[in-house]
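The structure presented is a predicted model; accordingly, all values stated were derived computationally and were not measured. Each ligand, and each atom within it, is numbered from 1 in the order the structure gives. In what follows, residues are counted from 1 in the order of the sequence shown.
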Amino acid sequence: MKIVVLKFGGTSVGSIERIRKAAKIIISYVKKKYKVIVLSSAMSTVTNDLVKKSKKISKNFPHAEYDVLVSAGEQMSCPLIAGELIEKGFKSRSWMSWQVPILTEGKHKFSRISHIYKKEILKYLKSGGIPIVAGFQGINSKNRITTIGRGGTDASAIMFAKFFNSEKCIIYTDVDGVYTTDPNKLKSAKKLKVISYEEMLEMTSLGAKVMQPHSVQDARLNRVDIEVKSSFVNKSGTLITKKKNIINNSSNKIITGISSTQNDAKVTLVGVKDRPGIAASIFKPLSQNSINVDMVVQNISANGIETDLTFTIKLDDLNKTKKIINENKNINFKKLLFDKDVSKVSIIGVGMITTPGVTYRMFQSLANYKINIQVISTSEIKISVLINKKNVKKAIKALHSEFNLDK
Ligand code: ADP
Ligand code: ASP
Ligand code: MG
């Protein structure tokens with residue numbers, strides 16, 4: 001059986017008109033003799049509205065109920081797609097996660113798909129039906145509804161492609177591929193024909209919203225090739241695949257892409273009493289409360305007694321972090337400072353492994369635009385800097401041109 005998995009994101013099913021367009025795309029694959037499995041997101045804005053409603057009830061809305069609530073959006077979009085296909089004379093039906101069922105593991109809000117029962121869907125495909133499956137949701141071993149993180153329908157699609165061993169997994173979205181940087185933020189961004197899982201993982205983890213980071217990890221682990229395409233225009237998209245498949249890296253660019261974040265906060269502890277184990281004492285209670293610490297700098301103490309420690313966290317965790325640090329009896333410091341006006345800008349590319357001087361070029365080009373770097377972090381294939389939010393656009397533009405991505 002020649003199976004294709006098609007995923008439609010929020011804007012691609014955002015109106016009845018868009019749903020009709022999505023149905024046309026689905027039908028085009030049926031006509032090419034594919035058995036089509038569709039994974040759909042909620043219509044755009046629906047999930048956000050549900051999240052807002054939960055926040056109005058409580059800042060600590062119970063996570064299990066949150067999952068039931070926010071997964072409701074997909075229950076609306078899937079039957080609309082199925083209905084449109086039936087209207088056009090095709091056999092189709094919607095499937096919620098518990099009907100498949102799609103099993104997940106892990107905590108509510110951030111579960112991961114561990115198994116998909118194939119039997120019923122296979123039977124349905126064989127009978128000529130087009131299953132329209134709700135993305136983003138699953139059920140856990142206690143039969144409770146779970147969700148797999150915002151933007152999770154990408155991961156649902158990839159796991160369906162894995163379990164059904166599909167020939168293709170196509171992510172239909174509102175841009176026609178993965179670009180060197182967000183094309184809605186920089187006009188000169190260029191579409192990439194192909195990108196490796198590793199680079200894509202860095203791009204998305206560092207802020208490129210086009211795919212959910214976990215989904216790219218799932219694709220890499222399971223060797224699922226992904227095509228990112230537009231549901232608006234019929235154009236070739238971007239292939240995300242393993243490095244080995246990228247033989248013709250004709251561009252020979254050192255940097256593949258640039259990402260930026262919008263939801264970071266910087267925390268500085270001034271005048272911390274320096275002693276072995278101090279960093280651990282600060283970070284242990286944060287990790288126990290599931291607060292992810294990202295970039296860290298600790299200055300060498302000038303007097304050997306006190307030091308300053310700076311780190312970044314997600315903006316959403318700021319209040320919790322303040323509370324935890326202020327209540328931490330194991331540390332001594334003079335002042336606690338916070339900055340919400342920061343953004344992390346990162347350059348990503350396997351080319352930097354073999355090319356010296358990339359760090360210098362990045363820093364110099366930001367300096368040329370008088371952009372101050374607050375914190376730096378690096379890995380083998382990325383360099384990130386924390387800067388003031390107001391300079392993000394300028395920084396991306398400068399770096400895009402410095403590393404010849406405009407061409
Ligand atoms: P969907 O609803 O289809 O899942 P998303 O809004 O999650 O779509 O992702 C698509 C958006 O990702 C685009 O509209 C674009 O603004 C943004 N984006 C950020 N970085 C990139 C990039 N490097 N390439 C393409 N799109 C990007
Ligand atoms: N509807 C969910 C969200 O908005 C899942 C998705 O769109 O992939 O996060
Ligand atoms: Mg998305």
Side-chain angles (χ1 to χ4, degrees), residues 6-15 18 21-22 25 38-52 54 66-67 69-78 97 109-111 113 133-138 146-160 170-193 195 199-216 226-232 235 237-238 240 255-262 345-349 392 396 399-400 405:
L6 308 180
K7 178 257 171 173
F8 292 91
T11 32
S12 301
V13 293
S15 65
R18 300 287 341 147
K21 185 83 210 291
I25 294 173
V38 176
L39 269 297
S40 181
S41 294
M43 296 168 88
S44 50
T45 73
V46 170
T47 315
N48 283 347
D49 287 346
L50 294 169
V51 173
K52 272 189 211 144
S54 75
Y66 169 98
D67 280 350
L69 176 71
V70 302
S71 62
E74 277 71 13
Q75 180 147 348
M76 200 166 113
S77 55
C78 291
S97 58
K109 279 178 101 167
F110 306 104
S111 294
I113 294 175
V133 184
F136 182 46
Q137 52 170 275
T146 57
T147 60
I148 58 173
R150 294 302 308 272
T153 308
D154 294 329
S156 306
I158 281 146
M159 294 310 272
F160 265 77
I170 308 180
I171 305 292
Y172 279 101
T173 182
D174 58 1
V175 279
D176 61 352
V178 178
Y179 278 69
T180 47
T181 191
D182 189 343
N184 289 321
K185 290 196 184 139
L186 187 73
K187 278 223 163 68
S188 57
K190 291 278 176 298
K191 186 163 71 182
L192 301 164
K193 274 198 182 116
I195 182 169
E199 286 175 314
M200 191 65 201
L201 193 54
E202 292 282 11
M203 290 271 285
T204 56
S205 311
L206 295 166
K209 192 186 165 217
V210 62
M211 293 275 303
Q212 189 209 32
H214 277 158
S215 74
V216 182
I226 313 165
E227 272 176 74
V228 180
K229 289 182 85 162
S230 163
S231 68
F232 292 55
K235 273 189 184 170
T238 301
I240 307 171
I255 298 306
T256 304
I258 304 171
S259 289
S260 65
T261 59
Q262 288 175 333
V345 173
S346 310
I347 57 173
I348 297 117
V392 171
I396 291 177
L399 296 169
H400 205 265
L405 296 177

Query raised in the report: Going by heavy atoms in the side chains, are Asn48 and Arg150 under 4.5 Å from each other?
Result: yes
Query raised in the report: At what distance is the nearest protein heavy atom to atom 2 (O) of ligand 1, and which residue and atom is it?
Result: Gly10 N, 3.1 Å
Query raised in the report: What do we get for Lys7 next to ligand 1 when only non-hydrogen atoms under 4.0 Å count, side chain, backbone, both or neither?
Result: side chain
Query raised in the report: Got a donor-acceptor contact below 3.5 angstrom from the Asp154 side chain to the Met211 backbone?
Result: no
Report summary line: Note: ligand 1 atoms sitting under 4.0 Å from heavy atoms of Asp174 are 10 (C), 11 (C), 13 (C), 14 (O)
Query raised in the report: Using heavy atoms and a threshold below 4.0 Å, how should the contact between Thr181 and ligand 1 be classified: side chain, backbone, both, or neither?
Result: backbone
Query raised in the report: Who's closest to atom 16 (O) of ligand 1 heavy-atom-wise, of Asp176, Asn184, Thr47?
Result: Asn184
Query raised in the report: Under a 4.0 Å heavy-atom cut-off, what residues line ligand 2?
Result: Ser41, Ala42, Thr47, Glu74, Phe136, Arg150, Gly151, Gly152, Thr153
Report task. Name the closest protein heavy atom to atom 24 (N) of ligand 1, giving the residue it belongs to and the distance to 0.1 Å. Result -> Tyr179 N, 2.9 Å
Query - Spacing of CD1 belonging to Ile113 relative to CD belonging to Gln137, to within rounding of 0.5 Å - result: 10.0 Å
Query raised in the report: Given Phe136 and Leu39, is the side chain to side chain contact (heavy atoms under 4.5 Å, CB included) satisfied, shown in steps?
Result: CA-CA 9 Å; Phe136 182 46; Leu39 269 297; over 6 Å; no
Query raised in the report: Heavy atom under 4.0 Å from ligand 1: found in Pro183's side chain, backbone, both, or neither?
Result: side chain
Query raised in the report: Which protein heavy atom lies closest to atom 7 (O) of ligand 1, and at what distance to 0.1 Å?
Result: Lys209 O, 3.5 Å
Query raised in the report: Is there a donor-acceptor contact under 3.5 Å linking the side chains of Asp67 and Thr146?
Result: no
Report summary line: With heavy atoms and a 4.0 Å threshold, my read on which part of Val175 contacts ligand 1 is side chain
Query - Donor-acceptor under 3.5 Å (Thr238 side chain, Val178 main chain) - result: yes
Query raised in the report: When you look at NZ of Lys190, are more than 12 heavy atoms from neighbouring residues, nucleotides or ligands closer to it than 6.0 Å?
Result: yes
Query raised in the report: Among protein heavy atoms, which sits nearest to atom 27 (C) of ligand 1, and what does the distance come to when rounded to 0.1 Å?
Result: Val210 CB, 3.6 Å
Report task. Could you grab the distance from atom CD1 of Ile347 to atom OG of Ser259, nearest 0.5 Å is fine? Result -> 11.5 Å
Query raised in the report: What residue and atom, counting heavy atoms only, is the protein's closest point to atom 1 (P) of ligand 1, and at what distance?
Result: Thr173 OG1, 3.6 Å
Query raised in the report: Are any of the N/O atoms in Ser12 less than 3.5 Å from those in ligand 1?
Result: no
Requested in this report: Record the part of Met203 in heavy-atom contact with ligand 1 below 4.0 Å; permitted values are side chain, backbone, both and neither.
Outcome: side chain
**Report entry** Nearest non-hydrogen protein atom, atom 21 (C) of ligand 1
**Finding:** Asp182 CA, 3.6 Å
**Report entry** Heavy-atom side-chain proximity of Ser54 to Val70 below 4.5 angstrom
**Finding:** no
Report task. Sorted by first residue and then second, give each salt bridge (Lys or Arg N to Asp or Glu O under 4.0 Å) pair with at least one member in residues 170-180; sequence neighbours left out. Result -> Asp176-Lys191, Asp176-Lys235
**Report entry** Sub-4.5 Å side-chain heavy-atom contact between Thr181 and Leu405
**Finding:** no
Query - Exam field: side chain Ser231 to backbone Tyr172, donor-acceptor pair closer than 3.5 Å - result: no
Requested in this report: Look at the side chain of Thr11 and the backbone N and O of Gly14, then say whether any donor-acceptor pair between them is shorter than 3.5 Å.
Outcome: no
Requested in this report: Report the C-alpha distance between Glu202 and Ser346 in whole Å, list the side-chain angles of each, state the deciding distance to 0.1 Å, and finish with yes or no for side chain to side chain contact (heavy atoms under 4.5 Å, CB included).
Outcome: CA-CA 9 Å; Glu202 292 282 11; Ser346 310; over 6 Å; no
Requested in this report: Mark up the atoms of ligand 1 that fall under 4.0 Å of a heavy atom belonging to Gly177, in ascending order.
Outcome: 24 (N), 25 (C)
**Report entry** Numbered atoms of ligand 1 (with element) below 4.0 Å of Val178, judged on heavy atoms
**Finding:** 24 (N)
